[in-house]
Amino acid sequence: MIAEIFTASTYGVDAFIVRTEVHVENGVFFFSIVGLPDSAVKESRERTISAIKNSMFHFPIKRYTVNLAPADVKKEGSGFDLPIAIGMLSETSQLFSKKIKEFLFIGELSLDGKLRPVPGILPIALEARRNGFKGIVLPQENASEAAIVGDVEVYPFEKLTDVVDFLQDERSFTPFKVDVKAMFEKEQNYHFDFADVKGQAEVKRAMEIAAAGSHNIILIGLPGSGKTMLAKRLPTILPPLTLDEALETTKIHSIAGLLPSGSSIISIRPFRSPHHTASDVSLVGGGPNAKPGEISFAHNGVLFLDELTEFKKNVLEVMRQPLEDRVVTISRSKLTVQYPCNFMLVAAMNPTPAGSQKETAMYSDPEVQKFLSKISGPILDRIDLHIHVNPVKYQELSSKAEGERSEQIRGRVIRARELQLKRFKGRKGLFANSNMSGKEIREFCAIDSACEELMKNAITRLGLSARAYDRILKVSRTIADLEGTKKLNTAHISEAIQYRSLDRTGWL
Ligand SMILES: Nc1ncnc2c1ncn2[C@@H]1O[C@H](COP(=O)(O)OP(=O)(O)O)[C@@H](O)[C@H]1O
Ligand SMILES: [Mg+2]
């Protein structure tokens, strides 16, 4: 006889069902795990043997063969301990249960038989539901993450003996449940607000435009001018996450074991701020286990690259394709995984090179040119708004007057986004003005001769580059959407022109 226990493993942001086959026969002691196990899976042998002994079960000296099927896909992690132990107990006639086939088992075992949490439970629970399993048996710490999925019963346990009691109906157990909607809504609050930022009316306006059209932005200002403070508040004015978006983002954090303890669903837009010394692997993902990187942890949220000029050029280069495609493809031997990475990029930089005495700089200054050339061209090419942040004046800082709250700004952003969704309905991959391609720009950003004249002047007199042209039109479209106006006018265009300072040849 062969015991057959179902479990699952993750692959990219998804999971697949794994059949754990355990065969025991008489003979000299032997224990082998086959089916492309990684080192954590191989160590299962030591953990399960010890856990079985310390849970007061017998461990007969026999020949044990464990096969993880499908055998041609690499298996990772320590979650196979529980299914292997269950298989060993039933093959050695210490566990009799008809329920085994209806459930999916996952969890690491400690040497004394306790169940320990494993990453990736959300995609695994989704896969259990998809395959029609009645339920999933897992460690307590993983319970609420699995219960989010619904339509699949969740039985969390503290130790191996409890699992056996459950399977043999020694005691009665009730499935673990969470009220996903209530949990999701309760946690949809940010800890900070745009009202905390004093003054800075122009900067806030520019950030509202960025949020409304999903435009990437760069904040240019001296240290202490409030760039980080402002960037952190961008998620608070974006439309609230939908439950689907929340699940997508949670899946990525789940497989990386990054969900904060006590929370099982990410209900606010993520804000990720990798340091400028970050490697390309930690930024875009990869490595031996093809893990997701910061750009995927920022999925449906904001990626903040502070001190953009300090990032290594090759690190920024690898972001180019994912920025365009909103998905990153990672290849490792034989297999390819894809992680979504649809984020808004906020970059920040000093206007002058570190150590420079100048408070403002001429773009034509060779020192400044060299400094700016450090920013990767392809990255700069994907940034629609350049926003200058001057330090807030003392009177404004000391003023008691409260600024506008994020909620009010968000209301306007949501209305502008609704207009865009309506306009782009039925067009795949197009959901905000920033995503428009050249063809769509011609279609939706038609301008009259007065606007044309203004653009011509901007390009010739201000020395704006040609690449600025399309970006100005896209941002103008968003400005008009915020206003609820169909046709672009010169006021929209001239405001958008202001946000292209890095293209100028004059003062930075
Ligand atoms: N407009 C402002 N309103 C209130 N506090 C501000 C403002 N600008 C800056 N600060 C204060 O100055 C600190 C430094 O700002 P920070 O965002 O770190 O600047 P930067 O990132 O540009 O170096 C903030 O934590 C905040 O306390
Ligand atoms: Mg800062």
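First listed ligand is number 1; within each ligand, the first listed atom is number 1.
- Taking backbone and side chain together, Met229 holds no N, O or S atom under 2.8 Å from the Mg ion (ligand 2).
- Salt bridge Arg415/Asp481: absent, no basic N to carboxylate O contact under 4.0 Å.
- Of the candidates Ala348, Gly221, Gly226, Gly226 brings a heavy atom nearest to atom 15 (O) of ligand 1.
- Distances from atom 20 (P) of ligand 1 to the heavy atoms of Gly224, Ala195, Gly199 show the closest one on Gly224.
- Residue contacts with ligand 1 for Leu222 involve N, CA, C or O but no side-chain atom from C-beta outward (heavy atoms, distance under 4.0 Å).
- Closest approach of Tyr190 and Arg269 over heavy atoms only: OH-N, 3.1 Å.
- Residue Met229 has at least one N or O atom closer than 3.5 Å to an N or O atom of ligand 1.
- A salt bridge does not link Lys227 to Asp306: none of the charged nitrogens lies less than 4.0 Å from a carboxylate oxygen.
- Contact annotation for Asp306 and ligand 1: no heavy atom of the residue comes within less than 4.0 Å of the ligand.
- Residue Gln200 has at least one heavy-atom neighbour below 4.0 Å for each of these atoms of ligand 1: 1 (N).
- The shortest N/O to N/O separation between Lys227 and ligand 1 falls below 3.5 Å.
- Those atoms of ligand 1 that come under 4.0 Å of a heavy atom in Val197, given as number and element, are 1 (N), 3 (N).
- In this structure, Lys251 does not pair ionically with Glu145, as no charged nitrogen and carboxylate oxygen lie closer than 4.0 Å.
- In this structure, atom 25 (O) of ligand 1 has its sub-4.0 angstrom surroundings free of protein heavy atoms.
- A salt bridge does not link Glu158 to Lys114: none of the charged side-chain nitrogens sits closer than 4.0 Å to a carboxylate oxygen.
- Counting atoms of ligand 1 from 1 in the listed order, those under 4.0 Å from a heavy atom of Pro223 are 23 (O).
- Centroid-to-centroid, the aromatic rings of Phe343 and Phe297 stay 6.0 Å apart or farther.
- Contact annotation for atom 13 (C) of ligand 1: protein absent (non-hydrogen atoms, distance under 4.0 Å).
- For Glu440 and Lys474, the salt-bridge test fails: no basic side-chain N is under 4.0 Å from an acidic carboxylate O.
- Contact annotation: for Thr228 versus ligand 1, heavy atoms closer than 4.0 Å belong to both the backbone and the side chain.
- With salt bridges taken as basic N to acidic carboxylate O contacts below 4.0 Å, none links Lys312 and Asp280.
- Residue contacts with ligand 1 include Asp196, since one of its heavy atoms falls under 4.0 Å from the ligand.
- In the vicinity of Lys198, heavy-atom distances shorter than 4.0 Å reach the ligand 1 atoms 1 (N), 2 (C), 3 (N), 4 (C).
- The existence of a salt bridge linking Arg116 and Glu141 is excluded, since no basic side-chain nitrogen approaches an acidic carboxylate oxygen closer than 4.0 Å.
- Aromatic pair Phe431/Phe424: centroids not less than 6.0 angstrom apart.
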